[in-house]
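Atoms within each ligand, like the ligands themselves, are counted from 1 in listed order.
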Amino acid sequence: MTTSAARGRLWVLCLAVLAAGPGCGTPPDRVVTTQAAAPAAGGSDPMQGLATEYVMLVLAVGHHDPDYVDAYYGPAEWRTAAVKRPLAEIAKDASALAGRVAAAAPAAGSDSMVALRHRYLARQLEALRARVRMLEGARLSFDEESKALYDAVDAPHDVKEFQSVLAQLEVALPGPGPLLDRYTRFRDAHVIPTARLDATFKAAIDGCRSRTLAHVQLPPEERFTIEYVTNKSWSGYNWYQGGYRSVIQINTDLPIFVDRAIDLACHEGYPGHHVYNVLLEKALVRDRGWPEYQVYPLFSPQSLIAEGTANYGIEVAFPPAERLTFERDVIFPAAGLDPAGAERYYRVLGLVDRLSYAGNEAARRYLDGEIDAKQAVSWLETYGLYSPARARQRVKFVDQYRSYVINYNLGKDMVARYIEAAAGDDRSRRWTAFADLLASPRLPSSLTASDERQ
Ligand SMILES: [Zn+2]
C-alpha cells in the first residue's frame, strides 16, 4: 500500500512486551523484502508461475489505485518490474491468466490445501478483473460490487430490524431529549483520556496477546509497533511489513472510547490482522513457498476473511463474560474510569452492536444513488446511532472503500457460523478452528458450503 497520505501528528511508541527487536522511533519501511518465494518442489508445479504472474498483476493495478496493494513483502525486484501499464493491457493479461489458471485445476482427490489454493487464486484473480473494470469506469450496484470483490452479498435490511433495537435502547437509556443525544452523552462519559491511551492500549494488547499465545503458536520474532495518527477515514489499520512484523496505526481524530482498546488490540493485533498475516506468511509463503500470499490486494475476497476473522477474533479471545471481568478489573482502571459502570456500558453497547447493519444499509442506498451524502449521515444517526461527527467519518470511509463495509459485520457473522459449526462452544476447539482458518486460503463463499470444508 502506498504511504503518500499525509499523516498529521505522529507518535511512535514501542510496547515493552513486543519490542524485543528494532529500536523505537523508526518505523520500518512500508515494503520490506524478506525473501523470494521458495521454488516449487521439483520446479514443475505450473501454479508457481501462474501465482507469480498474479502477484505482478496486483502490483500493476496498484499503480492505478493507491488503496489496492494493502501489503507486499515479496522480492523488491518484482515491484520494480511491475511498471505502470494501461488498464486495458492489465485486463487483457488478467483474462488470459484466468484461462490458464482454470486449465491448471488440480486433479480430483488432490491435497485439500492444493485444491483450496487453486480455487482461491482463481477467485482472487476474478476480483482483480472486477476492480480493473471499476477503475476503467464500470458502475456496479452495491450488491454486484460486493459479490465481485468480496465473494459475498449482504441481504437488504429493513428499518423495522433497527427500530425494534432502538425501542430497547429507549428503555435502557431513559431520560429527556432524543435517544441519539442521550446515547452520545452516555458514550462520551467513557472516553479514554489522551494521557492514558498508551497505558490502556498496552494493557489491552497484553490481554489479547497472552490469550492468543495460549492457543496459537507464533514465530518468536513476531512483533508490532503502534503509531497514533490523524486525518484518516478509518479508526485503526494494520500495515503488515513481512518478516512477521506489523505497524499498527490508531486514528485519534475523534475521542477513543474505552471499548475500542480491546476491540482494536484484538482486531489489529492478536488474534486479528497481525496474527492472520503472520500465519499466512509462515504456513503458505515460507513453509510451502507459495508466492501469491506475499501480496494482499485490499479489494478482494481475502478482505472478508481478514476483517471477519479480526472481528470474530475479539470474541474468541474474550468471550463476553470474560471480557466484562477484564474490562472491569484492568481496562476501566487503566483508562481512569469507574469500573462500576462497566456492566451497564457493555449491556448498552451489546444493543447498539445490533444496529451495525444499518451502516451497510446506509452505504448501499448511498452508493446506489438512492440517497445523497447528507441523507446518508442522517440515516447513520437515526438507525445506527452514529454521532454527527462519526457519521460524517463513516460516509468518508464509504466514499473511499465503498462496499468494503460488509466485510466487518457480514464477514464476522460468516466466520462465526463457520467456526461455531465446526467447534461448538468448546473454547479450545474454537481456537483450533480459528487458527486453521487463518492459516489456510479459504474463500468467503466456501465458509457457508459445508461440503467444501476440507
Ligand atoms: Zn480490519
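- The number of heavy-atom neighbours closer than 6.0 Å to CZ of Arg139, taken from other residues, nucleotides and ligands shown, is 12 or below.
- Smallest separation of non-hydrogen atoms from Tyr418 and Leu447: CD1-O, 3.4 Å.
- Closest heavy-atom contact between Ser235 and Arg260: OG-NH2, 2.9 Å.
- Taking every heavy atom of both residues into account, Met113 and Ser440 meet most closely at SD-CB, 3.9 Å.
- Excluding waters, the count of protein N/O/S atoms less than 2.8 Å from the Zn ion (ligand 1) comes to 3.
- A cation-pi contact, defined as under 6.0 Å to the ring centre and within 45° of the axis, is absent between Arg328 and Phe332.
- The local environment of CG in Asp425 is sparse, with at most 12 non-hydrogen atoms from other residues, nucleotides or ligands closer than 6.0 Å.
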